[in-house]
Amino acid sequence: MKTILDFEQWPLDLLIDYALKIHHRSIREDGPEILDLLQRVAQVHKDDVPDLQKVADHFRNSLTDLDMHLQKEENILFPFCLEMYEAYREGEQAPSFHCGSVQGPISVMMAEHADETERHQRIAQLTNDYTTPEDADEDYREAMRLLKDFRLRLEEHTRVENEVIFPMAMQVEMACR
């Protein structure tokens with residue numbers, strides 16, 4: 001039975017830890033392995049399934065853009081959110097932020113989430129929703145399974161940040177200004 005986590009009940013610092021240790025780590029660890037497999041499958045099937053090379057290209061570009069996105073969260077947004085949360089917990093005023101409000105970086109992150117969602121929708125379309133021919137080899141089947149799983153985890157990442165972490169960070173900022 002799958003457990004559904006009630007992220008809305010978690011404190012901001014725990015949510016950020018979860019995003020970093022579960023989402024960011026899996027993107028960085030699993031992404032390159034999936035890309036390697038996709039590139040091999042695309043090469044093997046270049047004549048009978050030419051869209052697989054487009055899929056591999058989209059996925060490679062996704063990993064590059066996601067790495068930049070994750071770095072911005074890890075080096076700018078999340079450290080400030082954690083500082084704000086600590087100030088909030090201590091009943092202190094939030095520290096100043098070089099971006100002004102947390103809203104600016106959050107808007108950028110949400111736009112990047114939307115871009116990645118669109119890119120992974122294109123990948124789903126190119127793969128006919130991750131389906132393989134009946135006679136597909138095991139690598140092809142595994143590549144589609146991994147791609148689909150990656151997308152589902154990316155959707156959770158996006159949902160947790162857009163719908164829980166970011167609104168909570170804005171509430172914390174308002175509460176300790």
What distance do [X] atom [atom1] and [Y] atom [atom2] have between them, rounded to the nearest 0.5 Å?
X      : Y      : atom1 : atom2 : answer
Ile165 : Met168 : CD1   : CE    : 8.5 Å
Ile27  : Leu70  : CD1   : CG    : 5.0 Å
Leu126 : Leu147 : CG    : CG    : 10.5 Å
Asp115 : Asn61  : CG    : CG    : 12.0 Å
Arg153 : Thr158 : CZ    : OG1   : 12.5 Å
Glu86  : Cys176 : CD    : SG    : 11.0 Å

Is [Y] reachable from [X] through a run of I, L, V, M, F, W or Y residues, each pair having side-chain heavy atoms under 4.5 Å apart?
X      : Y      : value
Leu14  : Tyr85  : yes
Phe78  : Leu66  : no
Leu154 : Leu152 : no
Val44  : Leu38  : no
Val108 : Met110 : yes

Salt bridge (charged side-chain N to carboxylate O under 4.0 Å, His left out) contacts touching residues 68-78 (sequence neighbours left out): Arg28-Glu74, Lys72-Glu112
Criterion side-chain contact (heavy atoms from CB on, under 4.5 Å) on Phe97 and Ile76, from CA distance to verdict: CA-CA 10 Å; Phe97 189 37; Ile76 299 168; 4.1 Å; yes
Side chains of Gln103 and Ser107, donor plus acceptor under 3.5 Å: yes
Any donor-acceptor N or O pair under 3.5 Å, side chains Asp48, His45: yes
How close do [X] and [Y] get, counting heavy atoms only, and between which atoms?
X      : Y      : answer
Tyr140 : Pro133 : CE1-CD, 3.6 Å
Met144 : Tyr130 : CB-O, 3.3 Å
Ala94  : Met84  : CB-CG, 4.0 Å
Leu77  : Pro105 : CD1-CB, 4.0 Å
Pro50  : Asp47  : CD-O, 4.1 Å

Taking the side chain from [X] and the backbone from [Y], do they hold a donor-acceptor pair closer than 3.5 Å?
X      : Y      : value
Asp149 : Arg145 : no
Asp67  : Leu63  : no
Asp51  : Lys54  : no
Arg40  : Leu35  : no
Glu173 : Val102 : yes

His58 and His120 aromatic centres sub-6.0 Å: no
Salt bridge flag under 4.0 Å for residues Arg119 and Asp65: yes
Under-4.0 Å salt bridge between Arg151 and Glu155: yes
Passing option when Val164 is tested against Asp6, Leu12, Leu15 for side-chain contact (heavy atoms from CB on, under 4.5 Å): Leu15
Working for side-chain contact (heavy atoms from CB on, under 4.5 Å), residues Phe166 and His113: CA-CA 12 Å; Phe166 296 161; His113 288 164; 3.8 Å; yes
Pair Val172-Cys81, side-chain contact (heavy atoms from CB on, under 4.5 Å): steps then yes or no: CA-CA 8 Å; Val172 166; Cys81 289; over 6 Å; no
More than 12 heavy atoms from other groups under 6.0 Å of OH on Tyr88: no
Flag side-chain contact, heavy atom, 4.5 Å: Thr131 against Thr127: no
side-chain contact (heavy atoms from CB on, under 4.5 Å) evaluation trace for Phe7 with Glu156: CA-CA 11 Å; Phe7 294 115; Glu156 181 188 74; 4.1 Å; yes
Intermediate values then yes/no, side chain to side chain donor-acceptor pair (under 3.5 Å), Ser62 and Glu116: CA-CA 7 Å; Ser62 176; Glu116 285 309 309; 2.5 Å; yes
